[in-house]
Amino acid sequence: RKIVLVNREHEVNLFCVSRKKQGKGTGKILMNSFLDDCRKNGIISVTLDTDKKYCNFGFYEHFGYKLVGHFHSPIQLFYSGSSDECVTYKINIWD
């Protein structure tokens, strides 16, 4: 990551659902469970980084994550082979 945009106390490090399970509510169940656990443990906010080209932005926005910035990642370019563009999302759990 070339630029860190927000203070990160809590972060989603990797969130993915297999292609076979996509569109069947699995991601929604996982994210709801994660956010419920955050609330139970007094977590105030969570950030996550994702690629700009392949991300399902609507999924994160549905839960209340807000776009807070853009950055370029050499690692993303290496793995995707096509783009180094990434975005950071943040959710305030108690909003």
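Residue indices begin at 1 and follow the sequence shown. Reckoned from all heavy atoms, side chains included, excluding hydrogens, waters and symmetry mates.
For Gln22, there are no side chain to side chain donor-acceptor pair (under 3.5 Å) partners, not counting sequence neighbours. Considering only residues two or more places apart in sequence or on other chains, Ile29 meets the side chain to side chain contact (heavy atoms under 4.5 Å, CB included) condition with none of them. When the salt bridge (Lys or Arg N to Asp or Glu O under 4.0 Å) test is applied to Lys28, no partner is found at least two apart in sequence or on another chain. The side chain to side chain donor-acceptor pair (under 3.5 Å) check on Asp36 picks up Arg39, with sequence neighbours excluded.
Counting only heavy atoms from C-beta outward, the side chains of His72 and Cys86 never approach each other to under 4.5 Å. Contact check for Val12 versus Thr47: no side-chain heavy atoms found under the 4.5 Å cut-off.
Atoms CD1 and CG, from Ile43 and Asn92 in turn, are 12.5 Å apart once rounded to the nearest 0.5 Å. In this structure, Leu48 CG and Ile91 CD1 are separated by 9.0 Å, a value rounded to the nearest 0.5 Å. Atom NZ of Lys40 sits about 13.0 Å away from atom CD1 of Ile93, to the nearest 0.5 Å. Residue Met31 holds its CE atom at 9.0 Å from SG of Cys38, rounded to the nearest 0.5 Å.
Residues in residues 12-38 take part in these ring pair (Phe, Tyr, Trp, His ring centres under 6.0 Å) pairs, two or more places apart or across chains: Phe15-Phe59. Screening residues 55-68 for salt bridge (charged side-chain N to carboxylate O under 4.0 Å, His left out) gives no qualifying pairs among residues at least two apart or on separate chains.
Here the shortest heavy-atom pairing between Phe57 and Val87 reads CE2-CG2, 3.7 Å.
Ring geometry for Tyr65 against Tyr89 counts as perpendicular: the plane angle is over 60°, on a 0 to 90° scale with 30° as the lower cut.
In this structure, Leu67 places its CG atom where more than 12 heavy-atom neighbours from other residues, nucleotides or ligands lie under 6.0 Å away.
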Carefully, step by step, assess Glu85 and His70 under the rule side-chain contact (heavy atoms from CB on, under 4.5 Å). CA-CA 7 Å; Glu85 294 181 274; His70 301 263; over 6 Å; no
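Listed for the Asn41 side chain is a donor-acceptor partner under 3.5 Å among the backbone atoms of Asp37.
Between the side chains of Thr88 and Asp49, at least one donor-acceptor pair of N or O atoms lies under 3.5 Å.
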